[in-house]
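So the structure is just underneath, and the comments pick up after that.
The first residue in the sequence is number 1, and the count goes up from there.
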Amino acid sequence: MAELSGKKILVLVTNQGVEQDELKVPLEKLRADGAEVTVAAPETGEVKSLVGDWDRGETFPVDQTISSVNESEYDLLLLPGGTLNADALRLDQDAQKTAKAFASSGRPVAALCHGPWLLVETGLVDGKTLTSYPSVKTDIVNAGGNWVDQEVKVCPANEWTLITSRDPGDLEAFVGAIKEQLSI
């Protein structure tokens, strides 16, 4: 059960609007496998999730603010989706700096659904092949990325690994790819 023991994962979200299962499922599965998972948001307190970008979902505790995170302590960056969450997060300067730091250091980033918007905003999809929620395709292509319609896509281009999936229906494959990457 502790195959990910000693691995540290940083999850970046906003305090409201993350898609419930895109946060909940990876948190539960990765923690169950022994990973230490930190949820960071712009403000302390809680994260209010949504189901289908509309209905209220569960709340999750914030472990740290994004601005207070020492990103160098983590092995992988996880970016859940949710339209409202991803749209706000892409404009957060601290989130942008964190994503750039992971890529420049060669550490993996995993983004789901609308999560790649932060990577579009920071120029990190240029030269990468990835998937996302279909409505993000044009943004990815316009930012220099190659979009594919696959359950999970792992791209090692540009000297850092990017793991992406389309939506909550791909969570099993997405979390599996994260576990595989952290086990390398």
Side-chain angles (χ1 to χ4, degrees), residues 9-24 26-27 37-54 57 60 62-71 74 76-105 107-149 152-153 155 157-158 160-168 170-171 174 178:
I9 299 168
L10 177 62
V11 181
L12 295 188
V13 292
T14 56
N15 290 87
Q16 186 162 342
V18 68
E19 183 66 27
Q20 174 184 286
D21 286 351
E22 294 179 22
L23 178 57
K24 180 181 182 172
L27 276 179
V37 185
T38 300
V39 175
E43 299 172 14
T44 59
E46 63 185 16
V47 173
K48 297 175 185 172
S49 72
L50 294 174
V51 176
D53 281 332
W54 189 258
F60 301 86
V62 173
D63 299 311
Q64 278 188 270
T65 61
I66 297 173
S67 62
S68 71
V69 166
N70 178 357
E71 55 74 24
Y74 295 89
L76 181 135
L77 175 63
L78 176 57
L79 304 170
T83 310
L84 297 174
N85 170 68
D87 190 50
L89 195 64
R90 73 188 296 184
L91 299 177
D92 185 292
Q93 299 291 316
D94 294 314
Q96 291 176 9
K97 285 191 301 189
T98 300
K100 288 178 184 176
F102 268 83
S104 68
S105 69
R107 287 172 291 154
V109 175
L112 178 63
C113 200
H114 289 80
W117 263 343
L118 176 62
L119 307 175
V120 166
E121 195 70 32
T122 56
L124 293 173
V125 300
D126 190 20
K128 298 295 259 185
T129 298
L130 63 152
T131 194
S132 67
Y133 194 74
S135 66
V136 182
K137 175 183 178 180
T138 300
D139 293 333
I140 289 169
V141 171
N142 287 342
N146 177 39
W147 189 86
V148 294
D149 184 9
V152 66
K153 177 62 184 170
C155 178
N158 302 340
W160 62 281
T161 299
L162 176 60
I163 302 163
T164 51
S165 285
R166 301 169 296 195
D167 57 45
D170 298 336
L171 277 166
F174 181 68
I178 291 170

Let's go through Tyr133 and Thr83 carefully: what are the C-alpha distance in whole Å and the side-chain angles of both, what is the deciding distance for side chain to side chain contact (heavy atoms under 4.5 Å, CB included) to 0.1 Å, and is it a yes or a no?
CA-CA 10 Å; Tyr133 194 74; Thr83 310; over 6 Å; no

Closest approach of Leu130 and Pro116, non-hydrogen atoms and distance?
CD1-CB, 3.9 Å

Got a donor-acceptor contact below 3.5 angstrom from the Asn15 side chain to the Glu43 backbone?
yes

Can you find a heavy atom in the side chain of Val120 that is under 4.5 Å from one in the side chain of Ile140?
yes

Which atom names give the shortest non-hydrogen contact between Val62 and Val47, and what distance separates them?
CG2-CG2, 3.7 Å

Heavy-atom side-chain contact between Thr131 and Val152 under 4.5 Å:
no

Donor-acceptor contact below 3.5 Å, side chain Asp92 vs main chain Asp94
yes

Heavy-atom check, side chain of Asp87 versus side chain of Trp117, under 4.5 Å
yes

For Lys128, does its backbone N or O pair with a side-chain atom of Asn146 as donor and acceptor, under 3.5 Å?
no

Here the pair of heavy atoms bringing Glu19 nearest to Asp53 is OE1-N, 3.2 Å

With a 4.5 Å limit on heavy-atom distance, are the side chains of Leu76 and Arg107 in contact?
no

Please name the pair of heavy atoms, one in Trp147 and one in Val141, separated by the smallest distance, quoted to 0.1 Å.
CB-CG2, 4.2 Å

Nearest-0.5 Å distance that lies between atom CG in Leu50 and atom CG in Asp21:
12.0 Å

Taken to the nearest 0.5 Å, the spacing of Phe60 CZ from Leu27 CG works out to 6.5 Å

Indicate yes or no: at least one non-hydrogen side-chain atom of Ser135 is less than 4.5 angstrom from one of His114.
yes

Give the minimum heavy-atom separation between Ala99 and Leu77, together with the two atoms involved.
CA-CD2, 3.8 Å

Sidechain-backbone polar pair: Gln96 side chain, Arg90 backbone, donor-acceptor under 3.5 Å
yes

Donor-acceptor under 3.5 Å (Asn158 side chain, Leu124 main chain):
no

Contact between Val37 and Leu78 at the side-chain level, heavy atoms closer than 4.5 Å - yes or no?
no

When rounded to the nearest 0.5 Å, the distance separating CZ of Phe174 from OG1 of Thr164 is 8.0 Å

About how many Å separate NZ of Lys153 and OG of Ser132, when rounded to the nearest 0.5 Å?
14.0 Å

Student check: side-chain heavy atoms of Val13 and Val39 closer than 4.5 Å:
yes

If you measure from CG on Asp170 to CD on Glu22, what distance do you get to the nearest 0.5 Å?
9.5 Å

Inspect the surroundings of OH in Tyr74 and state if more than 12 heavy atoms from other residues, nucleotides or ligands are less than 6.0 Å away.
yes

Point-to-point distance, once rounded to the nearest 0.5 Å, from CZ of Arg166 to CG of Leu112:
10.5 Å

All heavy atoms of Asn85 vs all of Thr14, minimum pair found to be OD1-N, 2.7 Å

Ser49 vs Val18 side-chain heavy atoms within contact, under 4.5 Å:
yes

Is Glu71 reaching over with its side chain to a backbone N or O of Thr98, donor-acceptor style, under 3.5 angstrom?
no

